[in-house]
Amino acid sequence: MPYRAIKGGFSSFFSHKKKAKINNMAKKKKENQSPTSAASQVEVPKKILSPAKKVDKQTVVSVLEGIATLLELKGENPFKSRAYRTAARVIDSLAEELDELVAQGRLKGIKGIGEGIGEKITQLITTGSLPYYEELKKEFPASLLELLEIPGVGPKRAKILYEELGIKDIDSLEKACKEHRIAVLAGFGPKSEENILLGISQYRSFAAYHRYGDLINIVEELLGYLKKNPSIIHVHVAGSFRRGKEIVKDLDFICTSGTPQAVMDYFVRFPQVSRIVNHGETKSTVLLEKGISCDLRVVPDEDYAYALLHFTGSKEHNVALRQRAIAQGKKLSEWGLFRVSRAQERETAEGESEDNPKLVQPFESKIPCRSEKEIYAALGLAYIPPELRENMGEIEAAEKNEIPRLVEWEDIRGVFHCHTTESDGRSSLEEMAKAAMDMGLEYLGIADHSKSSFQANGLSEERVYAQMEKIKNMNAQWKNFRLLSGIECDILKEGKLDFPDSLLKELDYVVASLHAGFSGDEEDNTQRLIKAMENPYVTMLGHPTGRLLLVRKPYPVNMDKVIDCAARTGCWIELNAQPMRLDMDWRLWKTARDKGVKCVINPDAHHFKEIAFFKIGVNIARKGWLRKEDVINCLPLKEVIQALQIKGRKKKGF
DNA sequence: GCCGTTTTCGGCCCGACTGTTTTCAGTCG
């Protein structure tokens, strides 16, 4: 299932010197692919909107998706709403400029865009609005769409709730459940009420948080904006975002300047600010358009390192550092690291007595530190990277100079687990391979869905063999790059796999993943995973807990047993870098690593641009204390092929 | 609403699961 949590792509986080080349390549390809017969063309519009009013591609995508949802709510022909969703996906994956396609009348030639939708897109691009969509929106209150966020409430049920009980938002739905007005409706019952209430509680507990991957663009934009201000000397993002937490509540920025008030005034004028919460002299808080709260603090330049350390946290890490400072006769705060001397103060303090120690003012001298590294050094510690600052053993390790050299995204030499248009991906095999090469990767593993994933157009055995043949032929043209033939094989009931061993053994590797039926209990789920991992041809376990950040909790599974099984069988565990997943969780990796389990960082890409997701995965691997040698895909091509072959031999004897 | 053709309209994404109902509808992946 493709997730499009990060709409509009990433900017410099995923920038690459060859990015432009990729785009040009894709653009050229699309141009060649788009049929443009005169009969299939829509009427060529005479005028495209001026740049100020230009409707961007993402707006078109969200309008098409909006129409699809509203049609579902209306109870229209499901294939009609599906057509709009397909069109949204097609537009989203276009490499060409949408307004150019419209201007040249080449829109309708694209597969998935017919006459009706083509005309609507043209209207939206050329006039800036779409009356059809505006009329549809009038039929239901906007808040009704919220109900669809509640697990177990789909368009049909939302419609019934609205029409029968006038429920139009989550608050009124909750009230109706508590008053038992839902259970009496046809098709609903007491269990429905119970599940909806549970779903509402889950929805609310997630509402105040944001996924790391959803914030990368806004962080970069704000940093870029602040750096343009000449009175700002240093600026850095701090907080949980800097620590690479998968979920972030708010953003913290630290900067230094000699004119703090001017910086504050500049900050609150950032174009994406939707509301100014506080506008102080050295600290301001704003709400950004995406609903995230964002703080900026200005400190004198000489205090930069202390402030950055303090506001990066975590709180637990800071407490441990302060306790350490106290034990050494020092004091640490956002304003500095101080040496505290009571002896010196006793000589100078006036009015002191043993009965009245409060009068004693300790003498403090600041220990000058220009960087976080210097602060750690002054505390007798090695530098601790932000990702490790969770008070989970990093201070003890730093004391012994045992902080590992953590994996970096430049260490990654290739990735596994990518999808193509053969199943539910949005880029072709050729586009995926070219993008991987342009990113400097040496290999790219293709793992489309297996046949049981009907919703994802999973491959039949025949199609798998055909894809293997195609990959083999494509590989003949490259010396320093290789496509690997894999499959994301569904784990079925009782741990049975979707394909027979006779097929699995022909592939370069197998990712085994659970996609359905994980509503069983912990023991059932755990045994299914273990049974799959014990299969001699399963190379790695895909997204082990099935969580979708801020959407769905992990299914119940005993990860200790799964990790032990991985250690025993040599089955690798995936760190799925899809921003919605980031699964297996970073908190488990250090234990897994210590047991000898190898990690594979996979983007689970459904579009060539998503291959770069592996960089978010590297963040999580770093939080999990993983080193280059713990991550399989840091191996160069020759060694990874060797590893796959050795692994195959070992596992056959398992 | 799109596609492909049998060119004027039928087929399009299937199956598990849950909760409801008593044979099925809705949701989800």
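Sequence lines set the chain letters: A, B, ... in the order given, protein chains first and strands last, and positions in each chain run from 1. Computed from a predicted structure; not experimentally measured.
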A/Asp604 atom CG is separated from B/dG29 atom C1', nearest whole Å, by 13 Å
**OP:** Remember a base hit wins even if backbone is also touched, and classify A/Pro155 as base, sugar-phosphate or nothing at under 4.0 Å, heavy atoms.
**Re:** sugar-phosphate
From the list A/Lys80, A/Arg82, A/Arg85, salt bridge (Lys or Arg N to Asp or Glu O under 4.0 Å) partner of A/Glu72 resolves to A/Arg85
- Message: OP1 or OP2 of B/dC28 versus the side-chain N and O atoms of A/Arg552: is any pair under 4.0 Å?
- Response: no
Whichever of A/Lys493 and A/Val153 has the more 5' nearest nucleotide on DNA chain B, that residue is A/Lys493
Begin with the C-alpha distance, continue with both residues' side-chain angles, and end with the deciding distance and a verdict on salt bridge (charged side-chain N to carboxylate O under 4.0 Å, His left out) for A/Asp169 and A/Lys175.
CA-CA 10 Å; A/Asp169 54 35; A/Lys175 190 163 178 277; over 6 Å; no
Mind checking if A/Lys159 touches a base, just sugar-phosphate, or nothing, with heavy atoms under 4.0 Å?
nothing
From CZ of A/Arg82 across to P of B/dC14 the rounded distance in Å is 8 Å
- Query: Planes under 30° and centres closer than 5.5 Å, is that true for A/Phe79 with the base of B/dC12?
  - Reply: yes
Here the distance between atom P of B/dC2 and atom CD1 of A/Ile113, to the nearest Å, is 8 Å
Ignoring hydrogens and angles, does a donor from either the side chain of A/Asn195 or the base of B/dG19 sit under 3.5 Å from an acceptor on the other?
no
A/His515 NE2 to B/dC17 P, in whole Å, measures 16 Å
To the nearest angstrom, the CG-P distance between A/Asn77 and B/dC9 comes to 17 Å
From CG of A/Leu185 across to P of B/dG19 the rounded distance in Å is 17 Å
B/dT22 and B/dC28, which share atom name C1', separated by this distance in whole Å: 24 Å
Establish, with yes or no, whether the OP1 or OP2 oxygen of B/dG1 is under 4.0 angstrom from a side-chain nitrogen or oxygen of A/Lys120. yes
Of the listed B/dC13, B/dT20, B/dG26, the closest approach to the A/Gln455 side chain comes from B/dC13
Legend entry - Check: A/Asn576/A/Glu574 side-chain N/O donor and acceptor closer than 3.5 Å: yes
Per nearest nucleotide of DNA chain B, the residue lying toward the 5' end, A/Gly189 or A/Gly116, is A/Gly116
note: A/Met580, atom CE; B/dC28, atom P; distance rounded to Å ~ 13 Å
State whether A/Ser192 places a side-chain N or O below 4.0 Å from either non-bridging phosphate oxygen (OP1 or OP2) of B/dT20.
yes
To the nearest angstrom, the NZ-C1' distance between A/Lys451 and B/dA16 comes to 16 Å
